Amino acid sequence: MTESPRRSGEYPEPEQQPSAFPYGGAWPPPPAYAPSPAAPPAATHRRARRPVALLAAVAIVAAVIGGGTAAFAERLTGTPSATGGTGVTGTNVSQSSKGTVSGVARAVSPSIVEISATSASGDSTGSGVIITGDGEIVTNNHVVSGASSVKVRLNDGTTYTADVVGTDPDKDLALIGLRGASGLKAATLGDSDDVKVGDEVVAIGSPEGLTGTVTSGIVSALDRDVTVSKDESPSGQEQQGQGGDGSGQWPFEFGGQQFNGDTGASKTTYKAIQTDASLNPGNSGGALINMNGEIIGINSAMYAPSGASGSAAGSVGLGFAIPVDTVKADLERLRTGDTG
């Protein structure tokens, strides 16, 4: 029996159900596990790594400043760590005193001495600066001029007898040497050409016999023409006892006027560093020092109101020092024993 051809639409086709898969039917089978999500953008990866880098940086900083990460976290949050106490973490105070008055005083004071000189005119007290370990000391000529004996007391109280090696009245400088001294702390001589107006300075000496007195100030001016006496023991010079007037002044001229007494017939003029660091009778021959602890001048004169005596003759902030470059240029001559 032959089939007759089926006309279109004669038998309706069964309704097709939508497939769950794009290809229809049950193939391909579902995977046994959920597919991995797509990788996040690169920018997301960078953001995810930042906390790790930040924690590493915090750990490094904490290690550097001390106390570890817990202590550092405690500083940031203000909350005590679980392993630490409630104490305060501090920072060490700098132990360096370079550039301070106390630091300069501590470093240089062992090199500054008190000088007591006896002459036919009386006793005088001044200061000096140790420049060699075996006891060479620079001072003012007017401190030891005409002295028959010289005694020196160090910063630690040790006393020595000294001899006058050489003097230069024109520059108001003298060199003395201690007998039997060794191992002393010599001062460092600086460069007065480098000194500028306004520089901080420290003065150390024995004003009125007060050994090791420290004062401070600034350089007020440079190249002041100061005139002082060259006479041996002129009246009013840093003297006490017989032959001295007890006023404790040392005479000098400035600007054509005489201060602190008569400078005498024999006098000399030199260029000086002016300072407002307090200088008083007894500071003569002591040190003017920069903040690096270097000697930049030898204190030599002060201004006081004309006719002042006693306490009124004290410092008014106008002191003068012989530049250290003048001292260095004169040392070899002084060492030869010249008493010009």
Side-chain angles (χ1 to χ4, degrees), residues 101 104-105 108-119 121-130 137-147 149-160 162 172 174 176 201-217 226 228-229 233-252 259-263 272 274-289 297-322:
V101 174
V104 170
V108 184
S109 288
S111 301
I112 311 302
V113 303
E114 178 182 294
I115 299 174
S116 299
T118 300
S119 70
S121 300
D123 298 329
S124 64
T125 300
S127 305
V129 179
I130 300 172
I137 295 173
V138 171
T139 186
N140 287 139
N141 174 67
H142 74 254
V143 171
V144 297
S145 179
S149 70
V150 178
K151 300 291 184 182
V152 170
R153 183 166 69 162
L154 304 187
N155 178 259
D156 63 3
T158 306
T159 59
Y160 288 90
D172 196 17
I176 64 175
V201 290
V202 174
I204 305 178
S206 300
E208 307 292 353
L210 300 174
T211 306
T213 295
V214 177
T215 58
S216 66
V226 173
V228 297
S229 173
S233 304
S235 175
Q237 187 175 318
E238 300 187 279
Q239 297 174 1
Q240 296 176 350
Q242 61 176 4
D245 62 6
S247 64
Q249 304 173 45
W250 70 88
F252 76 101
F259 300 99
N260 304 346
D262 189 354
T263 56
Q274 181 181 326
T275 179
D276 68 351
S278 179
L279 301 181
N280 289 286
N283 273 116
S284 276
L288 190 66
I289 311 156
I298 300 298
N299 298 321
S300 58
M302 73 170 199
Y303 167 84
S306 181
S309 62
S311 60
S315 174
V316 292
L318 293 173
F320 303 92
I322 302 166

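In what follows, every heavy atom counts, from backbone to side chain, and hydrogens, waters and symmetry copies are set aside. Keep in mind it's a predicted model, so treat the numbers as computed, not measured.
Taking each heavy atom of Gly285 and Thr139 in turn, the nearest pair found is CA-OG1, 3.6 Å. Closest approach of Asn283 to Leu279, counting heavy atoms only: OD1-CA, 3.4 Å. Between Ser300 and Ser284, the shortest heavy-atom distance links the atoms O-OG, 3.6 Å. Taking all atoms of both residues into account, the shortest heavy-atom contact from Gly126 to Val143 is CA-CG1, 4.0 Å. Of all heavy-atom pairs between Asn299 and Ala203, the closest is ND2-CB, 3.9 Å. The minimum heavy-atom distance linking Ser109 with Asn155 is given by the pair O-CB, 3.4 Å.
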inquiry  = side chain to side chain contact (heavy atoms under 4.5 Å, CB included) for Ile130 and Leu154? Distances and angles first, verdict last.
reply    = CA-CA 10 Å; Ile130 300 172; Leu154 304 187; 4.2 Å; yes
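For Thr211, the side chain to side chain donor-acceptor pair (under 3.5 Å) criterion is met by Glu114, Arg153, not counting sequence neighbours. With sequence neighbours excluded, no residue forms a side chain to side chain donor-acceptor pair (under 3.5 Å) with Ser149. Qualifying side-chain contact (heavy atoms from CB on, under 4.5 Å) partners for Asp276, counting only residues two or more places apart in sequence or in other chains: Ile218, Ser220. Partners of Ala287 by side-chain contact (heavy atoms from CB on, under 4.5 Å), not counting sequence neighbours, listed by chain and number: Ile112, Val129, Ile289, Ile295. Checked against side-chain contact (heavy atoms from CB on, under 4.5 Å), Ala162 has the following partners two or more places apart in sequence or in another chain: Val150, Val152, Ile176, Leu178. Under the rule for a side chain to side chain donor-acceptor pair (under 3.5 Å), the partners of Thr118 that lie at least two apart in sequence or sit in another chain are Asp123.
One finds the CG atom of Leu318 at 11.0 Å from the OG atom of Ser278 (value rounded to the nearest 0.5 Å). Put simply, CD1 on Ile137 and CD1 on Ile115 are 6.0 Å apart, with the number rounded to the nearest 0.5 Å.
With hydrogens and angles disregarded, no donor-acceptor distance shorter than 3.5 Å links the side chain of Ser124 to the backbone of Val144. Checking side-chain atoms of Ser206 against main-chain N and O of Ser127 turns up no donor-acceptor pair under 3.5 Å. Checking side-chain atoms of Asp172 against main-chain N and O of Asn140 turns up no donor-acceptor pair under 3.5 Å.
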